[in-house]
Amino acid sequence: MVSELQRLVDAFGARLGRSIAIDDTRLKLLAYNAHTGDVDDARIESIMHRGVSAALVAHVCEQGAAQASDVFTVPPCPQIGITMERVGMPIRYDDALLGYVWLIGSDGPIGDRAVELLREAAAQAALVLHRGHLGLEVTRSHARELVRDLIGPDQALRAEAGAALVEEEHAVAGPVTVLVAVVAREEGESLAEERRLALELAVDRCRRRLPPSRGLALTRPDHALLLTIWPGARSHVIERNAAELAEVLREKLVEELGPGRAALCWVGVGGPRPRLAEAHSSYEEARRAAEVARITGTLGHVVAHTQLGVYALLGKLTPDELAEGIHPGLRSLFSNPVHRELVETLRVYLDHAGDAQHAATALHIHRSTLYKRLHRVEQLTGLQLDVGDDRLAAHLGLKMAELHPRLPTSTNVPDVVC
């Protein structure tokens, strides 16, 4: 695609007898010919860095470039390096904006013939860019299919997908780890389209920070994943880099979701695996970490699977298995919102390892009140909290209930009048 654009630029530059350039929609330089006149700092920056400053992009947008359907002018703006007028023509295919063709004022007046040739160049560039975008989308679509197979349940397909990704140069061989991003949603409800789009954009922006062929992104109905590859890196280096990248991913997701929604997204980090074909295990860990963080709301917004503790085991259980593992007396306690205060008291007491003084302080109650509530818990559940097995059953039951979508605990039900 780039070589075709370069040939187009050279041909039209010769016909016009002046310099011509083609940018993408973000004003990243795609092709240009030799300059016949003076150039300003903005053009030098574009050539040297294949891109321009945010201020220059904003200036061009202020001239209505993105909405233009025909030739438009960008006036000088010396403070951002534009000392010469530009004449631009949007490159569109079926009204979709694909980029811009530019002439620079230092080459002399732009007459009617130059404008007509500018329109012709934009029309031809539209065909080239459209074909290129279609080819790129086909390639990306195939890569996404391979990633779906790579993280799927079929072991044979995983091995084939891993080999194909490397052979087709979508990915390099090496150790892999997976990040999974999720956003707030109602249990059993599909994700709102705007939030699914935010996931897709955030993961893609994060992928672009990685070297070519070292990051693969995929968006699913309720989450998005970023598969990262670290050739030659040791496990502790991979874990550190993945943790840093996970923080960046969450920052990008917060930006895409918009102001005031920082508490609505979580990122899970799976452990490193030595080969691409084993990415499935890292993906499962990352997804479990993200979902546990979302459901419990107590582990933070970026959580590695290694930080889950007992949740790593409990997170593997189905809702039915979770319910069956909870002591019957506790299930009854959890199911009645009237007992929310008792559930919270029990949770704080057990999280403080049975230290009554520290638990009472955390709950802002007197120790005698704490003992009365705990005694009431024992009456309602049949558990004896001074018996080790019963205390363990109570603590595990609380953790299981946190993960169960239909067994509310103090951390996942609205306030009620007790």
Exercise. Atom CD in Gln307, atom CG in Leu299: separation rounded to 0.5 Å?
Worked result: 8.5 Å
Seminar exercise, completed: In this structure, CG of Leu179 is separated from OH of Tyr283 (nearest 0.5 Å) by 13.0 Å
Exercise. According to the interplanar angle, ranging from 0 to 90°, do the rings of Trp102 and Phe72 count as parallel (below 30°), tilted (30 to 60°) or perpendicular (above 60°)?
Worked result: perpendicular
Check whether any side-chain heavy atom of [X] sits under 4.5 Å from a side-chain heavy atom of [Y], and report yes or no.
X	Y	value
Arg275	Val176	no
Leu245	Leu210	yes
His223	Arg220	yes
Leu380	Ser332	no

Look at [X] together with [Y] and state whether they make a salt bridge at an N to O cut-off of under 4.0 Å.
X	Y	answer
Arg294	Asp222	no
Lys28	Asp24	no
Glu256	Arg250	no
Glu255	Arg205	yes
Arg273	Glu285	yes

When you measure from the side chain of [X] to the backbone N and O of [Y], does any donor-acceptor pair fall under 3.5 Å?
X	Y	answer
Ser213	Val172	no
Glu247	Ala243	no
Glu402	Lys399	no
Arg92	Pro90	no
Asp149	Ala161	no
Thr177	Gly270	yes
His352	Val348	yes

Problem set entry | side-chain contact (heavy atoms from CB on, under 4.5 Å) involving Arg208 - partner list, sequence neighbours excluded | Arg140, Asp204
Will you find, in the side chains of [X] and [Y], an N or O donor that is under 3.5 Å from an N or O acceptor?
X	Y	value
Glu168	His142	yes
Gln6	Tyr32	no
Asp94	His130	no

Ignoring hydrogens and angles, write down the donor-acceptor pairs under 3.5 Å from the side chains of residues 74-82, residues two or more places apart or on other chains.
none

Problem set entry | Test salt bridge (Lys or Arg N to Asp or Glu O under 4.0 Å) applied to Glu278 and Arg158, step by step | CA-CA 8 Å; Glu278 298 176 46; Arg158 294 203 296 263; over 6 Å; no
